[in-house]
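Working notes for the structure below.
Chain letters run A, B, ... following the sequence lines, proteins first and then strands; every chain starts at 1.
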Amino acid sequence: MMQSGPGMGQQLPQQYQQPPSQQPYVMMQPQLQAQPAVWSQSAQPPQQPANADKVRTLWIGDLQYWMDENYLYTCFGQTGEVTSLKVIRNKQTSQSEGYGFIEFNSRATTERMLQTYNGAIMPNGGQSYRLNWATFSAGERSSRQDDGPDHAIFVGDLAIDVTDYLLQETFRARYNSVKGAKVVIDRLTGRSKGYGFVRFADESEQMRAMTEMQGVLCSTRPMRIGPATNKNPAATTQ
DNA sequence: CATGAGCGT
């Protein structure tokens with residue numbers, strides 16, 4: 001039942017266990033002595049480095065409307081490390097907005113969950129998890145893991161079974177600078193909309209792929225490549 | 001044919 005890792009120097013006795021269905025939100029967190037809470041709404045400059053050891057919540061998107069808290073608990077609750085989860089709903093229609101939040105008992109757990117589940121196939125079989133770190137205020141959400149600007153291309157004519165991973169690997173086999181790929185998912189059906197995006201770190205590889213990958217087979221259909229509108233407003237991060 | 005991305009009491 002209770003795991004204790006002797007290898008890790010964890011000194012926080014986390015022995016409180018509670019059913020997640022009773023309390024929808026558990027905001028109580030043991031405050032670490034070594035690190036004061038810096039994310040209160042005091043006069044903090046927005047130039048805060050995003051170390052954020054206290055972030056234990058994942059954002060999950062591309063949820064279908066029937067995917068409620070019970071479904072998410074089926075997905076994540078078996079680990080016994082979920083402290084709270086919630087699906088955001090429209091207040092008028094009480095319909096799911098297609099995203100939610102999952103909070104775990106530690107940052108290490110959260111990180112492990114992100115790497116384990118992100119991109120994996122969801123139990124319904126039709127789509128893969130879309131997970132990311134949750135942000136607690138608008139402003140940090142645009143920062144992605146990257147070490148430079150990304151150059152994206154539009155990829156259409158995708159077969160419906162093409163996943164992020166397959167699309168990514170199809171390009172990564174020929175281009176080293178592929179940073180990621182995303183297949184756009186229809187929230188109503190949870191299935192692919194038939195197009196997606198591939199991001200490159202190297203602009204020259206992006207240019208090459210625009211012509212070289214034109215008509216190349218991905219799964220069962222030849223791809224149609226086009227330019228992608230850049231949604232990143234020229235982040236000049238040095 | 002088509003252009004993603006959505007952050008809460």
>> Using heavy-atom distances to pick each residue's nearest nucleotide on DNA chain B, tell me which of A/Arg89 and A/Gly61 is more 5'.
In response: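 Comparing both residues, the 5'-ward one is A/Gly61.
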
> Do the side-chain N and O atoms of A/Thr83 and A/Asn105 include a donor-acceptor pair separated by under 3.5 angstrom?
Replying inline: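 No, because no side-chain N or O of A/Thr83 sits under 3.5 Å from a partner of the opposite role on A/Asn105.
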
Just the rounded figure in Å: distance from [atom2] of [N] to [atom1] of [X].
| X | N | atom1 | atom2 | result |
| --- | --- | --- | --- | --- |
| A/Asn90 | B/dG8 | CG | C1' | 13 Å |
| A/Asp186 | B/dT3 | CG | P | 13 Å |
| A/Leu188 | B/dG6 | CG | P | 15 Å |
| A/Tyr195 | B/dA5 | OH | P | 7 Å |
| A/Leu63 | B/dA5 | CG | P | 13 Å |
| A/Trp133 | B/dA5 | CH2 | C1' | 19 Å |
| A/Lys193 | B/dG6 | NZ | P | 11 Å |
| A/Gln95 | B/dG6 | CD | C1' | 15 Å |

> Is the shortest side-chain N/O distance from A/Lys91 to OP1 or OP2 of B/dT9 below 4.0 Å?
Replying inline: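 Answer yes for this pair, as a side-chain N or O of A/Lys91 is under 4.0 Å from OP1 or OP2.
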
> Would you call A/Arg89-A/Glu69 a salt bridge at under 4.0 Å N-O?
Replying inline: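 So A/Arg89 pairs with A/Glu69 through a salt bridge.
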
> Does any N or O in the side chain of A/Tyr73 come within less than 3.5 Å of the main-chain N or O of A/Leu85, such that one atom is a donor and the other an acceptor?
Replying inline: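 Checking the backbone N and O of A/Leu85 against the side chain of A/Tyr73, no donor-acceptor pair under 3.5 Å is found.
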
Could you please name the option among [options] that lies closest to any side-chain atom of [X]?
| X | options | answer |
| --- | --- | --- |
| A/Arg224 | B/dC1, B/dG8, B/dG6 | B/dC1 |
| A/Lys182 | B/dG6, B/dT3, B/dA5 | B/dA5 |
| A/Thr135 | B/dA2, B/dC7, B/dG8 | B/dC7 |

> Is any side-chain heavy atom of A/Gln64 less than 4.5 Å from a side-chain heavy atom of A/Tyr71?
Replying inline: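 In short, these two side chains do not touch, never coming nearer than 4.5 Å.
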
> Is the distance between the ring centroids of A/Phe76 and A/Tyr129 under 6.0 Å?
Replying inline: yes

>> Using the six-membered base ring of B/dG6, report whether A/Trp59 stacks on it, requiring centroids under 5.5 Å and planes under 30° apart.
In response: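 So no, this residue does not stack on that base, at least one cut-off failing.
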
>> Once side chain to side chain donor-acceptor pair (under 3.5 Å) is applied, what residue pairs with a partner in residues 184-197 of chain A remain, sequence neighbours excluded?
In response: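 Listed once each, the pairs would be none.
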
> For B/dG6, does the O4'-C1'-N9-C4 (purine) or O4'-C1'-N1-C2 (pyrimidine) torsion place it in syn, i.e. within 90° of 0, or in anti?
Replying inline: syn

> Contact class for A/Tyr99 (heavy atom, under 4.0 Å): base, sugar-phosphate, or nothing?
Replying inline: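 Answer is sugar-phosphate: A/Tyr99 comes under 4.0 Å of backbone atoms only.
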
> Listed in order of residue number, which residues of residues 153-161 of chain A have a non-hydrogen atom at under 4.0 Å from DNA chain B?
Replying inline: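 Heavy-atom contacts with DNA chain B come from A/Phe154, A/Asp157.
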
> Under a 4.5 Å side-chain heavy-atom rule over Ile, Leu, Val, Met, Phe, Trp and Tyr, are A/Ile185 and A/Val87 clustered together?
Replying inline: no

